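See below for the structure under consideration.
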Number of protein chains: 2
Amino acid sequence: MTVGSGSRAGSSGPGAATASSEGGAVLDPSLLPPAVCVLGLGLIGGSVLRSAGAHTEVFGWSPTERTRGLAAADGHAVVDELDAALERARSTDALTVLAGPLTTFESVLRRVDAVAPTLALTDVGSVKAPVEALVAEHAPHARFVGSHPMAGTAESGWAAGSATLLHGARWVTTLTEDTDLAVWAAVTQLALGMGCVVVPAEAEAHDAAVARVSHLPHLLALALAQVGASGGQAPAALALSLAASSFRDGTRVAGTRPELIRAMCEGNREALLDALDDALGILGVARGSLASTGSLAKLVAAGHEGREHLDHRTDGLGRVLLRGDDLVDQLLAIGAAGGHVDGLRRDPDAAGSGSGQPIGLQVSGWFPED
Amino acid sequence: MTVGSGSRAGSSGPGAATASSEGGAVLDPSLLPPAVCVLGLGLIGGSVLRSAGAHTEVFGWSPTERTRGLAAADGHAVVDELDAALERARSTDALTVLAGPLTTFESVLRRVDAVAPTLALTDVGSVKAPVEALVAEHAPHARFVGSHPMAGTAESGWAAGSATLLHGARWVTTLTEDTDLAVWAAVTQLALGMGCVVVPAEAEAHDAAVARVSHLPHLLALALAQVGASGGQAPAALALSLAASSFRDGTRVAGTRPELIRAMCEGNREALLDALDDALGILGVARGSLASTGSLAKLVAAGHEGREHLDHRTDGLGRVLLRGDDLVDQLLAIGAAGGHVDGLRRDPDAAGSGSGQPIGLQVSGWFPED
């Protein structure tokens with residue numbers, strides 16, 4: 001897969017991105033899915049059920065009777081049986097959202113393959129390569145685009161969700177060369193409608209990225225909380241009483257519910273091991289330097305520079321308009337470069353917009369200007 | 001040194017703490033130092049110079065002409081020469097505050113020993129055992145009580161200070177069996193007057209504690225920032241664009257000025273190595289478990305529990321009143337138990353309040369109730 005070339009504003013040739021002089025996001029309701037079927041009504045699924053209704057028909061299912069009752073009591077369309085939900089999704093051509101825990105995906109995907117094998121399908125799990133593999137194995141005919149809406153996880157369950165939870169969040173969509181862009185457009189249009197911006201990525205790159213910026217922070221916070229609370233050669237209560245903002249900030253996510261941390265981190269094992277090994281290597285070198293020479297110069301310089309990159313990550317992003325035959329590559333290049341998508345519509349000039357043809361799209365987004 | 005017994009409310013015998021039925025902090029202006037001399041007018045020293053004037057005569061010195069000019073222009077009493085400042089401190093019996101960088105302490109202490117060897121002396125450095133050792137070597141006759149006011153360090157210099165910077169901060173005071181309690185009372189009264197609460201501690205315990213809850217958080221934040229910004233097997237820009245609050249919080253202190261991080265962490269090398277080794281050990285075990293069994297159960301449980309301890313660290317603290325001959329032990333017990341001092345006054349019943357006798361004090365504070 002080619003990533004990182006051919007999508008720059010001002011570059012030429014078919015598929016090149018061109019700057020949108022007017023700027024601003026564009027939305028096209030005709031690209032929304034005809035309906036949305038949400039399978040699992042916890043924090044994210046429940047929030048999608050609540051907010052998608054402003055844009056299209058939406059209905060949901062939960063394996064838990066109590067959750068179905070809560071959602072129905074709040075006025076939402078809820079189906080009691082999974083097979084009935086999938087049958088309704090098939091008949092309405094609904095975009096179906098796997099929103100339960102990853103551990104439930106295999107059994108649900110088997111029903112998808114039995115009842116509605118060619119569904120337009122996405123999920124909202126926090127790891128993406130394992131989900132792609134599950135779909136390929138258990139529902140190989142589904143038209144799948146993976147999703148990861150990056151919203152808070154400190155609470156869970158139907159009651160914790162809201163119609164505005166996803167507002168302002170980054171919604172990762174995973175793409176491959178085989179991605180059905182009509183399904184990607186439906187997922188993206190839905191996400192944009194709920195107030196998200198969309199980050200296209202390869203599944204493996206997503207998993208490696210979140211291992212570093214989401215899962216590793218949890219491991220370090222947990223270790224720090226344990227080291228601080230143990231006190232070492234100081235009375236433990238003295239150490240905690242002297243803890244100020246550096247310790248509070250550094251341990252905040254250690255307060256997340258243990259089962260949520262474990263599901264998230266253990267579910268991304270390979271990528272997390274790679275990130276953890278990098279951290280252990282860096283800290284080990286720093287330990288040696290501190291012990292032998294008394295200096296932390298290298299760690300401090302590199303870490304400070306890394307934090308500066310975070311603070312300036314959106315500097316230099318400029319607006320681009322993507323279109324053309326190599327749209328998947330262009331989208332992946334935007335995500336890989338730290339950019340995102342904030343609008344899309346049908347391309348009036350595209351040849352292939354007829355039935356059975358690849359969909360022609362114009363995608364607006366943000367991309368580094370140099 | 002005996003720590004952790006004999007100071008509980010309701011225990012009996014001479015020196016036992018007794019609960020103060022009226023509660024609340026008590027202040028005694030007669031315990032304030034007759035004057036305060038601040039040597040070094042950066043963030044902390046400048047803030048002390050600004051705020052101490054509400055309570056007693058105060059004057060300052062900085063080795064930097066520009067800083068002296070700024071402080072004088074703001075209306076503060078500033079002395080141009082170190083020896084002149086020390087002479088004035090001697091003649092006014094001023095509590096003298098070493099507020100420059102640790103690297104300047106030796107030369108200043110040599111002048112103390114030459115000009116005013118028996119000064120009442122404190123410092124505001126972020127490590128305490130090395131300062132105790134420097135004082136013992138270079139100004140052995142000074143009546144020294146170490147201090148560490150735990151206020152922000154993101155900025156520095158005269159302009160960054162303020163009369164309210166220390167309000168609400170924890171002001172650590174270090175004590176030994178040889179501590180002159182009149183000097184400790186002067187330091188404490190000054191700190192309370194500036195809006196701090198006072199945490200008594202042994203110097204080594206302080207250094208071990210801050211290594212865990214202040215210095216180690218910086219090392220982990222620096223390593224995390226570097227791992228996130230490198231991206232690993234993901235494009236680095238993608239990783240940073242997916243960074244949410246866990247990464248931002250976990251790397252915040254990596255944005256502190258590098259020279260401040262280095263001075264603080266490198267100055268507490270031995271204690272920091274101990275804390276870092278604990279963290280590396282915990283993370284190494286977690287790495288092994290994740291790789292071999294896929295489980296992070298132990299890390300998550302222990303880390304979550306540690307964070308819970310932080311959130312509940314002040315639960316169960318009740319008011320105590322300390323007095324009696326073993327006051328140093330009682331004070332250290334309060335600090336070791338996670339408590340603090342918020343008031344003190346002369347003990348009207350104490351026998352030894354005459355000139356040349358140990359000062360009789362009543363100290364109010366907070367201590368775990370069981």
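Worth saying up front: this structure is predicted, and the values here are computed from it rather than measured. Hydrogens, waters and symmetry mates play no part in the numbers below; they use all other heavy atoms, side chains included. Just so it is clear: chains get the letters A, B, ... in the order the sequence lines come, proteins before strands, and each one is counted from 1.
When heavy atoms are compared at a cutoff of 4.5 Å, His206(A) approaches chain B by way of both its backbone and its side chain. Contact annotation for Val253(A): only side-chain heavy atoms (C-beta onward) come within less than 4.5 Å of a heavy atom of chain B. The contact between Val199(A) and chain B is made entirely by side chain atoms (from C-beta outward), counting heavy-atom distances below 4.5 Å. When heavy atoms are compared at a cutoff of 4.5 Å, Leu283(A) approaches chain B by way of both its backbone and its side chain. When heavy atoms are compared at a cutoff of 4.5 Å, Leu276(A) approaches chain B solely by way of its side chain, counted from C-beta outward. Of the atoms belonging to Thr293(A), it is backbone heavy atoms, and not side-chain ones, that fall under 4.5 Å from chain B. Proximity to chain B is absent for every atom of Ala221(A), based on heavy atoms less than 4.5 angstrom apart. For Arg170(A), the part lying near chain B is the side chain, with the backbone staying farther off; criterion is any non-hydrogen pair under 4.5 Å. With a 4.5 Å cut-off on non-hydrogen atoms, Asp207(A) does not touch chain B at all. Using a 4.5 Å cut-off between heavy atoms, Asp274(A) touches chain B through its side chain atoms alone.
By number of non-hydrogen pairs under 4.5 angstrom with chain B, the leading residue of Ile282(A), Leu216(A), Val227(A), Val172(A) is Val227(A). Across Gly338(A), Gly250(A), Ala229(A), the residue that shares the most heavy-atom pairs under 4.5 angstrom with chain B is Gly338(A). Contact count against chain A (heavy-atom pairs under 4.5 Å) is highest for Ala291(B) among Ala337(B), Ala291(B), Ala275(B), Ala279(B). Comparing Leu272(B), Asp278(B), Leu280(B), Val210(B) by heavy-atom pairs within less than 4.5 Å of chain A, the highest count is held by Leu280(B). Per-residue heavy-atom pair counts under 4.5 Å with chain A were compared for Ala236(B), Gly228(B), Gly231(B), and the maximum is reached by Gly231(B). Comparing Arg269(A), Glu270(A), His309(A) by how many heavy-atom pairs each has under 4.5 Å with chain B, the most go to Arg269(A). Heavy-atom pairs under 4.5 Å with chain A were tallied for Pro217(B), Gly267(B), Cys265(B), Ala208(B); the largest tally goes to Pro217(B). Note: Gln233(A) leads Glu259(A), Gln233(A), Glu204(A), His340(A) in heavy-atom pairs under 4.5 Å with chain B. Counting heavy-atom pairs under 4.5 Å between each of Gly281(A), Ala201(A), Ala237(A) and chain B puts Ala237(A) at the top. Ranked by heavy-atom pairs under 4.5 Å with chain A, the list Ala297(B), Ala271(B), Ala286(B), Ala211(B) is led by Ala297(B). Residue with the most contacts toward chain B among Gly335(A), Gly284(A), Gly294(A): Gly294(A) (heavy-atom pairs, distance under 4.5 Å).
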Would you give me the side-chain donor-acceptor pairs under 3.5 Å for residues 301-308 of chain B, sequence neighbours excluded?
from	atom 1	to	atom 2	distance (Å)
His304(B)	NE2	Gly255(A)	O	3.4
His304(B)	NE2	Thr256(A)	O	3.4
Arg307(B)	NE	Asp311(B)	OD1	3.3
Arg307(B)	NH1	Arg248(A)	O	3.0
Arg307(B)	NH1	Thr251(A)	OG1	2.9
Arg307(B)	NH2	Asp311(B)	OD1	3.3

Run the side-chain donor-acceptor check on residues 238-246 of chain A: report pairs under 3.5 Å with partners two or more places apart or on a different chain.
from	atom 1	to	atom 2	distance (Å)
Ser241(A)	OG	Leu238(A)	O	3.1
Ser245(A)	OG	Arg252(B)	NH2	3.1
Ser246(A)	OG	Val213(B)	O	3.4

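At distances below 3.5 Å, not a single donor-acceptor pair connects side-chain atoms of Arg287(A) with backbone N or O atoms of Asp277(B). Looking only at distances, no side-chain donor or acceptor of Arg262(A) sits under 3.5 Å from a matching main-chain atom of Ser295(B). Side-chain atoms of Gln226(B) never come within 3.5 Å of backbone atoms of Leu299(A) as a donor-acceptor pair (strictly under, hydrogens ignored).
Ala234(B) approaches Ala205(A) most closely through the heavy-atom pair CB-O, 3.4 Å.
Just one residue in the list Leu219(B), Leu222(B), Ile261(B) forms a side chain to side chain contact (heavy atoms under 4.5 Å, CB included) with Leu296(A), and that residue is Leu219(B).
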